[in-house]
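Below, chains carry the letters A, B, ... as their sequence lines are ordered, and counting in each starts from 1.
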Protein chains: 4
Amino acid sequence: MARGPQLALCSPIDGGPASPARREKREAILEAAIEVFARCGYHRARVSDIAREAGIAYGLVYHYFKNKEEILSTIFEERWSTFLEALEAVERRDVPAREKLVSVAALILNAYRLRPAWVKVLVLEIQRSSRFAEPGQLRAVGALFQGVARILRAGQQSGELRRDLDPDIACTVFLGGLELALTSLVLELARPDAAAGGADGYYLRVAHTVVDVFLNGLAAGDAS
Amino acid sequence: MARGPQLALCSPIDGGPASPARREKREAILEAAIEVFARCGYHRARVSDIAREAGIAYGLVYHYFKNKEEILSTIFEERWSTFLEALEAVERRDVPAREKLVSVAALILNAYRLRPAWVKVLVLEIQRSSRFAEPGQLRAVGALFQGVARILRAGQQSGELRRDLDPDIACTVFLGGLELALTSLVLELARPDAAAGGADGYYLRVAHTVVDVFLNGLAAGDAS
Amino acid sequence: MARGPQLALCSPIDGGPASPARREKREAILEAAIEVFARCGYHRARVSDIAREAGIAYGLVYHYFKNKEEILSTIFEERWSTFLEALEAVERRDVPAREKLVSVAALILNAYRLRPAWVKVLVLEIQRSSRFAEPGQLRAVGALFQGVARILRAGQQSGELRRDLDPDIACTVFLGGLELALTSLVLELARPDAAAGGADGYYLRVAHTVVDVFLNGLAAGDAS
Amino acid sequence: MARGPQLALCSPIDGGPASPARREKREAILEAAIEVFARCGYHRARVSDIAREAGIAYGLVYHYFKNKEEILSTIFEERWSTFLEALEAVERRDVPAREKLVSVAALILNAYRLRPAWVKVLVLEIQRSSRFAEPGQLRAVGALFQGVARILRAGQQSGELRRDLDPDIACTVFLGGLELALTSLVLELARPDAAAGGADGYYLRVAHTVVDVFLNGLAAGDAS
DNA sequence: CATGAATGAGAATTCATTCAT
DNA sequence: GATGAATGAATTCTCATTCAT
């Protein structure tokens, strides 16, 4: 399982051109917001909750962000771009499509394992945001789709993958399968702690199952 | 493709023990709420929007529902139970697992084709509701998972499906693939109207692609 | 203890010029309103509560009364005038002032014993009403004061009562003493059921104590 | 007439642990609420009225108090406890019961002379509050009763007061007499300004009349 | 008369955002 | 920068009153 790319997800990224102290506080607000959004949902989360979680006065939030909405879109943009970079790194690697897909699955599931609040917000909140429909974010989400679709197309051209399936639809099937596996973790529909091998093992199992189903199908060998 | 069960999705269900007129208006409010929730999202939707959409006075909504939250959970409960009944009908049919899965996919995608607002609300809103975590609704969502998982287990026992994959994880992969295909329709990431064969053809293609991927995998024949 | 006058308190009075059936229903609404006002207070009481208590449709209330306020003032006026008539009957009797005051106390306490809800509303609600300040009701309440004050003045002139005390102030002391004794019953600050002699005995004791204190004072014989 | 204790009634009490400015504003809101409640009654008073009276913005009220109800109960609790302290100070004094009762009457009437709105709210509003029935406030009101009853019992034991009357009932007679004298002032049934000696003289006369009636009775000397 | 569905003004409350210190 | 008091628009919910049947 790829260990490199997904780690990048966890490191704060940008912070702008200002002083280190400012950057730090800005980061603290974003982290706090991720926690609070994950816990209460964007709409229920109050700016004062975020400030309390960050340990600062709530008026200060408005020195760093224009408004609440901007916090959400900043979370999205900054974290997402990190994610896309990791995805592109996967894409560029010279390995079979199969392995790339395992890496993508690991990237996504690992992100959740390491930063569940972050993924919760991405999975559950940002798609609800009015700005999701905005060109910027739509393009951003689209980039994930297109990245995966490119991997699939490359696999089809190399003969590794079937050519009779629409790669755009197949891509949603793949990402969707991953997403719901995630969501069932997020919402604790499934209980990783109760599964054999502990949480880590569970995530691995999910990643492999998704890719296995996706590549080989569920039909018994003699039936395919 | 199954034609029977999914039609039930579109018929109002309960309405309580009151007069037909009362039932009708109650239904009108629910329909209006579905439209508005689908358009603006639950939190952005104002009760007054629902009332205007339903063509009734503001306060009348409160004659039929205790509060806004109850409207959402009513939508969920009444529509979802219809959906589960359709699912159970599929499950009981004496056909191969493969065909059952096609029916489930058709059920879900067809529901969206016929009542996109309804599915939007189910897919995008109800999981956001605070009540989603409540036993009742959690169980309700769980029932879909379990229904599909039962179909998978039956297929495994009959030898039609591989036995080396966890049916619970596989079930999330299947439903998740469907869901994201749906979401990409809902959010118009994909454009059915632009696809060859028109919208109907597109839905069919999605259903078949999902099931095909799910059963046979994406790997090229000689590579599996 | 006077048995005659206070009974009049319990009989419905007027009913207007209409049919007996109409009169009956009107009365039912008033009785229901008294119960509900006593239970919840005027402001918390909903017209629908009154209608439910009366066993009628709530729109019907508006066939009999212009609005909720009119119900309260009707209760006040009709019951109060009965009360005043009883008071005047006491006043006209050719007995010592002392006995008249016992009768007034008995009249008031007995009314509570027989119709606690009625007295609750009079004691606790009507003084809160905005209409209390209106000439009609102010005059009505004033009539009670003046009636008692007349009894006191007559006693002063006959030499039965001290002449050095302002009868208007003395009258508020007397009525106030009665009222708070009542209120402590209404609010169950005192518990008649726990007192020796049961509820009836308690009311009698209260009546006698009030009049005794009022006439003879609390000072020990050698101290007065 | 006692001059010390009742003054305490007028001083703000608590204010919580916050900054002086915050305490001041909190106090301003309470004072404004007392005025508005006294003027319109609790139910008719709008939070916006209170804010306007206090000269602050609407929403600021909610920075200081959870809701409207809490304003009322705060008024009650903070002011009432001051009142009880004054009562206890009277009780502890080493003077005859007669003098203590004069002090209690003066305490109550003086409070009204100095802060009529405060007493109006206590007399007319708080007993209507739903919270009046709550243990805390019931106990608080009970404390006044019990304080007076203790004074009476002490007087009975010292031989100063008659022992044949129930001190609990006598206590309601005393307090009730005072209360209605007050209420008739509050509601302007009596007009102090028109009375000989002006308002101050009137209050004194009321206090003395109440205590005189209460101790010596109204019966003429030869009739007792 | 009787019903109760329908109306909508009114009030409480929330909370994002601003601003004086 | 930092604070949190102050603001008030927005929204939910209530319920007295009206009105069509």
Subject >> Residue mapping more 5' on DNA chain F - nearest nucleotide basis, Gly55(D) or Gly55(A) >> reply: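 Closest to the 5' end, via its nearest nucleotide, is Gly55(A).
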
[X] and [Y]: which non-hydrogen atoms are nearest, and at how many Å?
| X | Y | value |
| --- | --- | --- |
| Glu78(B) | Ser81(B) | O-OG, 3.0 Å |
| Ala33(A) | Ile75(A) | CB-CD1, 4.0 Å |
| Val61(D) | Ile29(D) | CA-CD1, 4.2 Å |

Between [atom2] of [N] and [atom1] of [X], the distance in whole Å:
| X | N | atom1 | atom2 | value |
| --- | --- | --- | --- | --- |
| Ile29(B) | dA6(E) | CD1 | C1' | 11 Å |
| Ile50(C) | dT17(F) | CD1 | C1' | 13 Å |
| Arg52(A) | dC15(E) | CZ | C1' | 13 Å |
| Arg26(B) | dA5(E) | CZ | P | 13 Å |
| Asp49(D) | dG10(E) | CG | P | 13 Å |
| Arg44(B) | dT12(F) | CZ | P | 13 Å |
| Glu70(C) | dT17(F) | CD | P | 10 Å |
| Glu24(B) | dA6(E) | CD | C1' | 16 Å |

**OP:** Indicate whether OP1 or OP2 belonging to dA5(F) is found under 4.0 Å from a side-chain N or O atom of Arg22(D).
**Re:** yes

Subject >> Carboxylate-amine/guanidinium contact Arg79(B) Glu27(B), below 4.0 Å >> reply: yes

**OP:** Using a strict cut-off of less than 4.0 Å between a Lys/Arg side-chain nitrogen and an Asp/Glu carboxylate oxygen, indicate whether Glu31(B) and Arg115(B) qualify as a salt bridge.
**Re:** yes

Original post:
Of all residues at least two apart in sequence or in a different chain, which pass the side-chain hydrogen bond (donor to acceptor under 3.5 Å, both in side chains) check with Glu53(C)?
Top reply: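 Partners of Glu53(C) by the side-chain hydrogen bond (donor to acceptor under 3.5 Å, both in side chains) criterion, ordered by chain and then number, come out as Arg39(C).
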
**OP:** Test the Arg22(D)-Tyr64(D) pair against the cation-pi criterion, namely NZ or CZ under 6.0 angstrom from the six-membered ring centroid and within 45° of the ring axis.
**Re:**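 Yes; both conditions hold, so Arg22(D) lies above the ring face of Tyr64(D).
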
Original post:
Is the NZ or CZ atom of Lys68(A) both under 6.0 Å from the centre of the six-membered ring of Tyr62(A) and within 45° of that ring's axis?
Top reply: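 The answer is no; the distance or angle limit is not met.
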
Original post:
If you find the nucleotide of DNA chain E closest to Ser48(D) and the one closest to Val47(A), which residue's nucleotide is nearer the 5' end?
Top reply: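 Final value for this comparison: Ser48(D).
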
Subject >> Residue whose nearest DNA chain E nucleotide is more 5′ - Gly59(D) or Ala57(C) >> reply: Ala57(C)

Original post:
Does DNA chain E take part in any stems of at least 3 consecutive Watson-Crick or G-U pairs (both distances under 3.5 Å), and if so, which ones?
Top reply: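 Stems (3+ consecutive pairs) listed as E:2-21 with F:2-21.
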
Original post:
With under 30° as parallel and over 60° as perpendicular, where do the rings of Phe37(A) and Tyr42(A) fit, or are they tilted in between?
Top reply: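 It falls in the perpendicular class, over 60°.
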
Subject >> Nearest listed nucleotide, side chain of Tyr58(C), among dG4(E), dA16(E), dA5(F) >> reply: dG4(E)

**OP:** Look at all strands and tell whether Ala51(A) reaches a base, only sugar-phosphate, or nothing, counting heavy atoms closer than 4.0 Å.
**Re:**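 No contact.
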
**OP:** For DNA chain E, find the residues of residues 60-68 of chain B with a heavy-atom distance under 4.0 Å and give them by number; none if there aren't any.
**Re:**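 Within residues 60-68 of chain B, the residues near DNA chain E are Leu60(B), His63(B), Tyr64(B).
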
